[in-house]
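Take a look at the structure below.
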There are 2 protein chains.
Amino acid sequence: MQDQAEEARREAVLAALREALGAAVVSLPADFAGRRHADSSRMPCAEPIALLRPRTTEQVSKALSICHAHHQPVVTQGGLTGLAGGACMLGGEVALSLELMNAIEEIDPVSATMTVQAGTPLQTVQEAADAAGFMFPLDLGARGSATIGGNLGTNAGGNRVIRYGMMREQALDVEAVLADGSVVGGLRKMIKNNTGYDLRDLLIGSEGTLGVMTRAVLRLRPKPRAVSTAWCGLPDYDSVTTLLRLAQERLPAGVSAFEVMWPGYYDFVLSRLPELRAPLEGRHAFYVLLESSGADPQSQNDVFEAFLADMLEAGTLSDAALAANEAHAAAFWAIRDAPGEYGRFIPGRVSFDVSFSVAQVGLAAQRCEARLREHWPNATILIYGHLGDGNLHIVVHEPDWPASAAAEVKRVVYGVTGELGGSVSAEHGIGTKKLEVLALSRTPAELAAMRAVKAALDPRGILNPGKLFLESTPTMQLK
Amino acid sequence: MQDQAEEARREAVLAALREALGAAVVSLPADFAGRRHADSSRMPCAEPIALLRPRTTEQVSKALSICHAHHQPVVTQGGLTGLAGGACMLGGEVALSLELMNAIEEIDPVSATMTVQAGTPLQTVQEAADAAGFMFPLDLGARGSATIGGNLGTNAGGNRVIRYGMMREQALDVEAVLADGSVVGGLRKMIKNNTGYDLRDLLIGSEGTLGVMTRAVLRLRPKPRAVSTAWCGLPDYDSVTTLLRLAQERLPAGVSAFEVMWPGYYDFVLSRLPELRAPLEGRHAFYVLLESSGADPQSQNDVFEAFLADMLEAGTLSDAALAANEAHAAAFWAIRDAPGEYGRFIPGRVSFDVSFSVAQVGLAAQRCEARLREHWPNATILIYGHLGDGNLHIVVHEPDWPASAAAEVKRVVYGVTGELGGSVSAEHGIGTKKLEVLALSRTPAELAAMRAVKAALDPRGILNPGKLFLESTPTMQLK
């Protein structure tokens with residue numbers, strides 16, 4: 001039960017917000033009944049005490065300075081597609097949605113930049129870049145609803161990291177409102193700017209705990225004029241890393257995707273999704289979707305085909321199918337994109353997004369699978385990932401297992417991740433979902449440094465409290 | 001005059017350092033007479049009260065925890081090639097040189113990483129990468145003496161930023177000792193790692209004010225197998241940006257260098273350095289050194305040549321010379337690398353390292369030159385830069401001008417930089433040399449956020465005090 005002082009504090013902050021920003025910006029629970037507040041993490045999520053939908057950076061600044069003055073916790077929300085619970089509310093927070101700050105303010109074709117407001121959906125940015133003759137390379141399944149602000153908040157990754165990097169490498173500058181309402185970042189378009197600490201990269205990936213990003217200058221890339229795609233079968237893991245290295249060395253346009261699938265994944269998705277067709281005959285120890293995207297259609301495909309022939313000759317590849325057209329390539333990608341359909345056929349799954357050095361990905365997968373099999377010999381274990389980035393996705397499922405199994409599965413996979421010095425979150429972030437495993441990837445000194453930075457920039461702890469790390473971060477017991 | 005308490009404090013800290021680390025690590029002024037302490041900034045630089053040369057991260061940790069306990073300022077030194085005075089001493093500091101931590105600890109060819117100690121010279125890293133079949137792309141004139149630690153501390157740039165990014169993009173992880181002696185960074189080799197704040201990018205470019213970087217995991221790249229180089233003459237600035245954009249779009253291997261030279265620069269260096277030869281006949285409004293480095297020698301040169309022919313046909317290029325061999329390419333680069341010889345023929349120059357959006361580089365150069373000409377109609381004004389990065393170098397010189405002229409020249413160039421929202425330091429950092437102009441590129445709110453981060457991680461202010469920003473950063477008076 002809330003005490004009277006807390007009730008009075010809440011009333012005061014809501015009154016101050018209404019007074020400063022008006023009812024068009026500040027909605028109370030009665031106004032937003034039925035609205036979804038949870039993200040895509042399947043974590044429990046409370047209702048906010050108010051919903052703010054500012055239209056300008058100045059309004060965000062006013063909102064935060066009021067919340068700061070009243071010690072009022074704030075959760076920033078983008079498209080609610082996060083997978084770690086970072087945008088979920090724990091109770092008592094104000095939700096700050098950037099959904100009405102969704103304009104593309106400028107495209108500068110000479111500087112190859114786009115200045116956008118944080119609530120702009122990723123797909124809108126991709127389409128605007130395309131229309132202007134460029135590419136915005138960040139891409140992920142939730143592109144239609146995920147926003148640039150959310151992509152920035154989580155330092156989003158996706159399918160093209162191997163070539164273009166994560167979200168930090170897509171933004172030249174970000175404008176953000178800090179906890180006290182002060183505004184940093186000047187929408188600068190410089191690629192080189194060594195004038196002090198990298199506040200941009202500090203804010204990107206901070207999951208709403210250090211500031212509210214309101215606008216960004218995004219970097220646009222030349223639009224690829226040719227895409228070469230192959231589906232490869234390989235005899236062993238060493239061949240997989242050899243193929244990666246040689247493709248990076250020899251393909252003129254480099255490697256724009258290198259997606260590895262273990263046979264358990266391949267067999268499972270082909271058996272469950274009848275619309276998928278096997279690109280190769282027979283079974284292989286590993287499958288790789290290899291893509292090279294570049295500027296010169298004439299020469300690129302010839303070199304790509306010759307490279308595959310060399311790799312077959314050398315035995316690095318057991319078999320390979322070259323996509324003859326876009327429809328073929330789409331059919332290959334459909335196999336890799338099957339996880340978008342998991343909701344339909346493995347609802348009770350436990351999923352992981354971990355990373356390792358490229359050299360240790362094979363060992364990590366092998367060790368996870370072997371230990372999981374000790375406990376659950378018949379479980380469905382799906383392993384696949386962005387090998388060029390060392391990023392492994394592991395999905396584990398067994399029908400009718402007890403409620404305690406999920407915790408046990410996590411102990412196994414995160415245990416291996418810790419042993420091999422991997423990361424418990426390659427691209428999804430920590431949110432609330434991975435709080436208990438953060439200490440497997442970060443040392444006490446690093447957590448202390450993060451807490452010091454947090455206390456310096458948000459001394460009252462109003463920004464997304466309880467996310468990313470806690471005053472004393474709990475640690476999963478591995479035994 | 002120092003008071004007795006200060007004298008006693010110094011004696012105590014030196015005794016504690018000697019006691020903990022031994023005389024082999026801790027040298028006193030009598031031991032290092034004649035040693036150079038200044039960097040390459042031509043700033044005045046004091047002598048340290050002691051010189052520490054640790055061999056391990058543990059020794060760095062011990063040293064900092066003692067200095068922290070005794071409120072003893074510390075200046076970290078790499079190869080002393082910095083151009084902003086970041087490694088200069090103001091008086092009373094301990095110098096911490098990483099010169100004995102210069103081992104390459106591991107090359108992991110599968111993960112394409114190199115783990116090195118911070119004192120390793122850049123050139124040693126480049127050569128080791130090359131010997132292992134890779135490339136380490138960071139490159140700059142001082143490669144023989146500049147160290148990886150210094151490159152990290154200043155977020156070094158150089159000639160290949162357009163293709164590979166600055167130092168932040170070359171390091172997967174850094175190990176650093178914080179002011180209190182705690183060690184952060186785990187020498188992790190993951191490309192994707194979304195587990196909290198980006199301490200790595202916060203430390204990189206912090207110019208020794210947040211921590212002492214001791215080791216790093218560097219990212220290695222595929223070695224280019226073919227380099228295509230051309231020297232281009234262009235009719236106007238629009239043609240320069242058009243050439244950049246189309247080269248990025250159409251060259252299969254992308255653009256690995258795009259160095260622009262204004263005719264004043266070109267004429268001057270050719271007239272002063274008799275070993276240089278003009279690659280083209282006649283004069284042009286702009287000169288561009290265009291380079292594309294890739295994987296496929298066969299197709300790359302053909303496409304490169306065809307691209308140049310198209311550009312000549314379209315009038316984007318007035319003339320172009322294709323390097324037929326490495327000696328030709330080296331002769332082109334010698335024109336661009338002439339600034340390495342400035343010491344010989346323009347000792348009294350005033351130099352700038354500023355950046356703008358790519359779209360505004362032309363305007364910035366024009367405006368700087370016009371305003372400088374108003375004051376000094378006969379001055380030597382050299383303008384050139386890495387256009388793909390928006391980075392402009394401007395050098396101004398007039399024989400026999402008064403001592404006050406340098407300050408006036410700075411007011412003109414930094415004035416234009418501030419007006420156009422550019423950066424007063426594209427790649428050299430702030431150090432002490434650019435303290436007075438930092439506020440032209442950073443807002444008060446940003447400086448306040450930087451100070452808060454500094455106070456959080458170095459509460460006693462022992463790390464490189466007086467560098468990068470001050471408690472109250474002074475601002476150049478532009479009028």
Side-chain angles (χ1 to χ4, degrees), chain A residues 108 110-111 155 157 161 178 182-184 186 188-199 201-202 205-206 222 241 248-253 294-296 299-300 303 355 357-359 389-391 421 423-427 429-430 438 441-443 445-446 449-450 452-453 456-457 468-469, chain B residues 108 110-111 155 157 161 178 182-184 186 188-199 201-202 205-206 222 241 248-253 294-296 299-300 303 355 357-359 389-391 421 423-427 429-430 438 441-443 445-446 449-450 452-453 456-457 468-469:
Chain A
D108 174 345
V110 178
S111 303
N155 185 31
V161 173
L178 301 184
S182 64
V183 180
V184 298
R188 300 176 185 106
K189 295 178 185 173
M190 280 85 75
I191 291 166
K192 285 172 156 178
N193 186 4
N194 274 347
T195 53
Y197 302 155
D198 193 345
L199 298 177
D201 280 2
L202 186 60
S206 66
T241 59
Q248 288 180 317
E249 233 176 77
R250 295 196 197 164
L251 295 176
D296 187 55
S299 66
Q300 176 178 303
V303 179
S355 66
S357 73
V358 172
D389 319 321
N391 186 183
S423 169
V424 296
S425 188
E427 55 181 11
I430 298 298
L438 176 59
S441 292
R442 289 292 198 168
T443 65
E446 289 170 333
M450 289 183 205
V453 169
L457 294 182
L468 194 51
F469 52 71
Chain B
D108 175 345
V110 178
S111 303
N155 185 33
V161 173
L178 302 184
S182 64
V183 180
V184 298
R188 301 176 184 106
K189 296 179 187 172
M190 280 85 75
I191 291 166
K192 284 174 159 176
N193 186 5
N194 275 345
T195 53
Y197 301 156
D198 193 344
L199 297 177
D201 280 1
L202 186 60
S206 66
T241 59
Q248 288 180 317
E249 233 176 77
R250 296 196 195 163
L251 294 177
D296 186 55
S299 65
Q300 177 177 303
V303 179
S355 66
S357 73
V358 172
D389 318 321
N391 186 181
S423 169
V424 295
S425 189
E427 56 182 11
I430 298 298
L438 176 58
S441 292
R442 290 291 201 170
T443 64
E446 289 171 333
M450 290 182 204
V453 169
L457 294 181
L468 192 52
F469 51 72

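Atoms considered below: every heavy atom in the structure, side chains included; atoms not considered: hydrogens, waters and symmetry mates. Note that the structure is predicted; figures quoted are calculated from it, not measured. Chain letters run A, B, ... following the sequence lines, proteins first and then strands; every chain starts at 1.
Chosen from Q248(A), R188(A), Q300(A), K189(A), the residue pairing most often with chain B at heavy-atom distances under 4.5 Å is R188(A). Annotation: maximal heavy-atom pairing with chain B below 4.5 Å, among P222(A), G294(A), G421(A), occurs at P222(A). In terms of heavy-atom pairs under 4.5 angstrom with chain A, the leader among N391(B), V424(B), L251(B) is N391(B). Comparing G390(A), A456(A), G186(A), G157(A) by heavy-atom pairs within less than 4.5 Å of chain B, the highest count is held by A456(A). Note: P252(B) leads A253(B), G205(B), P252(B) in heavy-atom pairs under 4.5 Å with chain A.
Checked by atom type and distance alone, the side chain of R442(B) pairs as donor or acceptor with a backbone atom of T195(A) at under 3.5 Å. When atom types are taken as modelled, the side chain of S111(B) and the backbone of A359(A) share a donor-acceptor pair closer than 3.5 angstrom. Side chain of R250(A) to main chain of D296(B): no donor-acceptor pair is present (N/O by atom type, distance under 3.5 Å, no hydrogens or angles). Checked by atom type and distance alone, the side chain of N194(A) never pairs as donor or acceptor with a backbone atom of G429(B) at under 3.5 Å.
With a threshold of 4.5 angstrom between heavy atoms, E446(B) approaches chain A through its backbone and through its side chain. With a threshold of 4.5 angstrom between heavy atoms, I430(B) approaches chain A through its backbone and through its side chain. When heavy atoms are compared at a cutoff of 4.5 Å, V303(B) approaches chain A solely by way of its side chain, counted from C-beta outward.
Minimum heavy-atom separation, D198(B) to D201(A): CB-O, 3.5 Å. Taking all atoms of both residues into account, the shortest heavy-atom contact from I191(A) to D389(B) is CB-O, 3.8 Å. Minimum heavy-atom separation, A445(B) to S182(A): CB-CB, 4.1 Å. Annotation for E249(A) and A295(B): closest pair O-CB, 3.0 Å, computed over non-hydrogen atoms. A426(A) and K192(B) get closest at one heavy-atom pair: O-CB, 3.4 Å. For the pair A449(A) and L178(B), the tightest heavy-atom approach, listed with the atom from each and the gap, is CB-CD1, 4.0 Å.
Each of S441(B), S355(B), S423(B) was evaluated against N193(A); a single residue qualifies, S423(B), per the side-chain hydrogen bond (donor to acceptor under 3.5 Å, both in side chains) test.
Taking the side chain as every heavy atom from C-beta outward, D108(B) and V358(A) never approach each other to under 4.5 Å.
The OH atom of Y197(A) sits 8.0 Å away from the CG atom of L457(B) when rounded to the nearest 0.5 Å.
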